[in-house]
Number of protein chains: 2
Amino acid sequence: MSSAVKAGTRRGAAVPSGAKPAAGPPAKPDVKGADARSAEGGFSLPPGRALAICLQLQTAILEHRLRPGMKLSEDEVGEIFGASRTVVRAALHALAHSGLVSMERNRGAFVSRPTIREAHEVFEARAVIEPRVARLAAGCTTESQLENLKAHIEAEHVALAAGEMSRSLYLSGQFHIAVSEIADQQVLGTIIRSLISRSSLIIALYWKRPDTACESHSHHALMRAMESQDGQGAEEIMKSHIVDLHSGLDLVEHSHHDQALSEVFKK
Amino acid sequence: MSSAVKAGTRRGAAVPSGAKPAAGPPAKPDVKGADARSAEGGFSLPPGRALAICLQLQTAILEHRLRPGMKLSEDEVGEIFGASRTVVRAALHALAHSGLVSMERNRGAFVSRPTIREAHEVFEARAVIEPRVARLAAGCTTESQLENLKAHIEAEHVALAAGEMSRSLYLSGQFHIAVSEIADQQVLGTIIRSLISRSSLIIALYWKRPDTACESHSHHALMRAMESQDGQGAEEIMKSHIVDLHSGLDLVEHSHHDQALSEVFKK
DNA sequence: CAATCCGGAATCGTATACAATTTTTAGGCA
DNA sequence: TGCCTAAAAATTGTATACGATTCCGGATTG
């Protein structure tokens with residue numbers, strides 16, 4: 001049933017939609033150090049083909065082309081990517097470990113639907129970890145890294161101006177990842193990537209207002225703090241930025257879809 | 001070659017070696033809330049049988065029965081646990097995601113050998129995260145949870161007195177996990193579990209002195225801070241405790257095994 | 001008419017078989 | 001003796017097949 005998964009062209013580039021050139025010249029940014037090692041959670045790359053499937057699925061989820069709750073049938077995904085269930089299974093397990101999909105025994109894999117509680121916890125965790133990492137990063141930012149950050153912000157602006165909401169959010173996450181990579185802490189970096197991935201799901205579910213160009217300002221301020229080696233400042237900006245993100249969510253039971261119907265007309 | 005893996009009885013309890021009764025009566029503690037949900041990294045449990053294998057391998061690694069660098073052949077593990085390679089593979093992948101084993105393409109799975117850099121990063125990460133979690137935990141510790149912590153410390157003492165070094169370290173890690181569970185933060189708790197698991201590997205590789213009953217004191221102090229709801233104190237104690245652990249490591253290239261030989265007689 | 005029960009279809013869990021790659025070993029040659 | 005080459009052995013990567021469980025629809029019955 002259903003034509004659920006419709007990600008990219010069977011064998012497009014690993015991050016096809018990630019290279020979308022909104023405007024010609026100013027869009028050279030494109031996540032620099034986030035190639036293969038930015039894989040799922042960051043850990044042990046699944047062998048061979050599974051990794052490609054992983055990345056495509058991940059990108060699709062992070063760009064909200066696959067919404068939370070969608071079923072990822074092994075057969076279906078396998079047919080789409082022209083792979084056997086064995087490797088699809090590996091890919092799905094990998095994504096499950098990174099928290100993007102959840103697997104229910106004998107029922108299959110679904111794009112994760114973070115609970116409200118988990119949403120809170122993810123952003124609390126980010127509020128604990130990322131500010132500290134931002135401080136570390138501020139202490140050792142090179143010129144080219146600053147350029148990279150600038151390009152990221154640039155790209156965010158472009159996407160936002162073009163009204164590409166989901167892509168904008170994706171890039172926003174990539175910015176945070178870029179910051180964590182500057183800190184050159186792989187362990188914390190991996191953790192942060194995982195949290196940001198999950199944040200993407202949370203935002204897809206609980207975002208309050210579809211407008212709000214809130215991001216770019218904080219990101220710019222953060223970059224400037226890093227530019228002037230202001231660790232303390234960077235830490236504080238990051239902290240408040242994440243708190244802002246957290247409070248920008250509408251964390252109440254959403255009573256989604258038909259459940260709402262049966263609930264509304266109950267009596 | 002080799003009779004590498006020799007964990008438990010093919011189908012013993014999930015955590016057989018974890019229940020080793022050093023002394024009869026005083027050993028009732030045994031990790032309370034750390035049953036199945038304390039699985040590997042904490043994430044998506046591999047389906048069915050794989051989970052059991054996961055847990056057994058994990059326990060063996062955490063107790064240093066499987067040393068870093070050991071090869072975990074799929075066939076071999078499969079034969080030992082009476083399972084087919086399919087499920088063994090899933091188990092190994094899961095452990096790889098939690099950082100306990102590393103897989104090299106076309107070469108197989110090995111118990112991870114954390115690099116010195118990774119060792120530093122893991123303890124830096126713990127120093128960032130755990131103190132904050134300890135603070136949270138201190139604010140909401142119930143009586144029974146205190147009892148549980150007490151039992152943990154008790155068990156550590158017993159193991160230490162019996163000279164069971166590796167088990168003592170294992171229990172030390174479990175104590176930290178117990179603290180994180182009190183904080184009732186699943187996301188951060190999962191992260192902490194993963195970091196502690198890796199710490200176990202790091203300690204196996206880089207521990208300085210095989211003696212040192214250093215742990216228990218800090219743990220006891222932490223417990224008392226939590227008992228008196230002293231969040232600030234708990235945070236500080238945890239912080240310094242982790243720094244102590246970090247500095248208790250001998251983080252220099254160990255030139256292990258034969259490499260040492262060729263090095264010694266080089267000139 | 002509604003609730004329940006059963007059978008088919010679909011999907012997942014596991015085992016086994018085959019292909020690809022690596023490692024090792026045996027052999028030949030300088 | 002030492003080193004390079006090549007074939008064999010071992011191990012992993014992938015595909016397919018079969019059994020088990022769940023889901024969905026229709027028939028039966030109170």
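Letters go in sequence order (proteins before strands), and every chain restarts at 1. Worth knowing before you read on, the calculation uses all heavy atoms, side chains too, and leaves out hydrogens, waters and symmetry mates.
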(message) What is the distance, to the nearest angstrom, from the CD atom on E104(A) to the P atom on dT21(D)?
(response) 18 Å
(request) Please answer whether the main-chain N or O of L100(A) pairs with a side-chain N or O of S112(A) as donor and acceptor at a distance below 3.5 Å. (result) yes
(message) I'd like to check the salt bridge (Lys or Arg N to Asp or Glu O under 4.0 Å) partners of D184(B); sequence neighbours left out, ordered by chain and number.
(response) R117(A)
(message) So if I take the C1' atoms of five pairs at each end of the helix from dC1(C)-dG30(D) to dA30(C)-dT1(D) and get each local axis, what angle do the two axes make, rounded to 10 degrees?
(response) 10°
(message) I'd like to know if the side chain of S199(B) reaches the main chain of L195(B), judged simply by a donor and an acceptor atom lying under 3.5 Å from each other, with no hydrogens or angles considered.
(response) yes
(request) Measure the distance from CZ on R89(A) to P on dT11(C) and round it to the nearest whole Å. (result) 14 Å
(request) Output yes when at least one side-chain N/O atom of K71(B) is less than 4.0 Å from OP1 or OP2 of dA10(D), else no. (result) no
(message) Looking at R67(A) and A204(A), would you say the former's side chain and the latter's main chain have a donor-acceptor pair under 3.5 Å?
(response) yes
(request) Give the rounded distance in Å between these two atoms: CG of D75(B) and P of dG13(D). (result) 12 Å
Write out a two-atom table: protein N or O, nucleotide N or O from nucleotides 21-24 of chain C, distance below 3.5 Å.
residue	atom	partner	partner atom	Å
dT23(C)	OP1	R107(B)	NH1	2.9

Scan nucleotides 15-17 of chain D against the protein and return all N/O pairs shorter than 3.5 Å with their distances rounded to 0.1 Å.
residue	atom	partner	partner atom	Å
dA15(D)	OP1	R49(A)	NH2	2.6
dA15(D)	OP2	S84(A)	N	3.2
dA15(D)	OP2	S84(A)	OG	3.2
dA15(D)	N7	T86(A)	OG1	2.8

(message) Could you tell me how far apart L92(A) (CG) and dT11(C) (C1') are, to the nearest whole angstrom?
(response) 13 Å
(message) Tell me the closest heavy-atom pair linking A50(A) and A90(A), and the distance in Å.
(response) CB-CB, 4.1 Å
(message) Could you tell me how far apart E74(A) (CD) and dT14(D) (P) are, to the nearest whole angstrom?
(response) 16 Å
(request) Please report, rounded to the nearest Å, how far the C1' atom of dG13(C) is from the NE2 atom of H93(B). (result) 17 Å
(message) I want to check something: taking the side chain as every heavy atom from C-beta on, are H246(B) and L251(B) in contact at a cut-off of under 4.5 Å?
(response) yes
(request) Send over the distance from F110(A) CZ to dT11(C) P, rounded to a whole Å. (result) 11 Å
(request) Over all heavy atoms of both residues, which pair between E121(A) and Q186(B) is shortest? Give the atoms and the distance, please. (result) OE1-N, 2.8 Å
(message) Can you measure L72(B) atom CG to dT11(D) atom P for me and round it to whole angstrom units?
(response) 13 Å
(request) Using the test side-chain contact (heavy atoms from CB on, under 4.5 Å), find all partners of E118(B) that sit at least two apart in sequence or belong to another chain. (result) V187(A), P114(B), T115(B), V122(B), R198(B)
(message) As an exercise, state the distance from SG of C54(A) to NE2 of H93(A), rounded to the nearest 0.5 Å.
(response) 11.5 Å
(message) Measuring from atom CD1 of I202(A) to atom CZ of F123(A), what distance do you get when rounded to the nearest 0.5 angstrom?
(response) 5.5 Å
(message) If the condition is side-chain contact (heavy atoms from CB on, under 4.5 Å), which residues does S200(A) pass it with, not counting sequence neighbours?
(response) L62(A), H64(A)
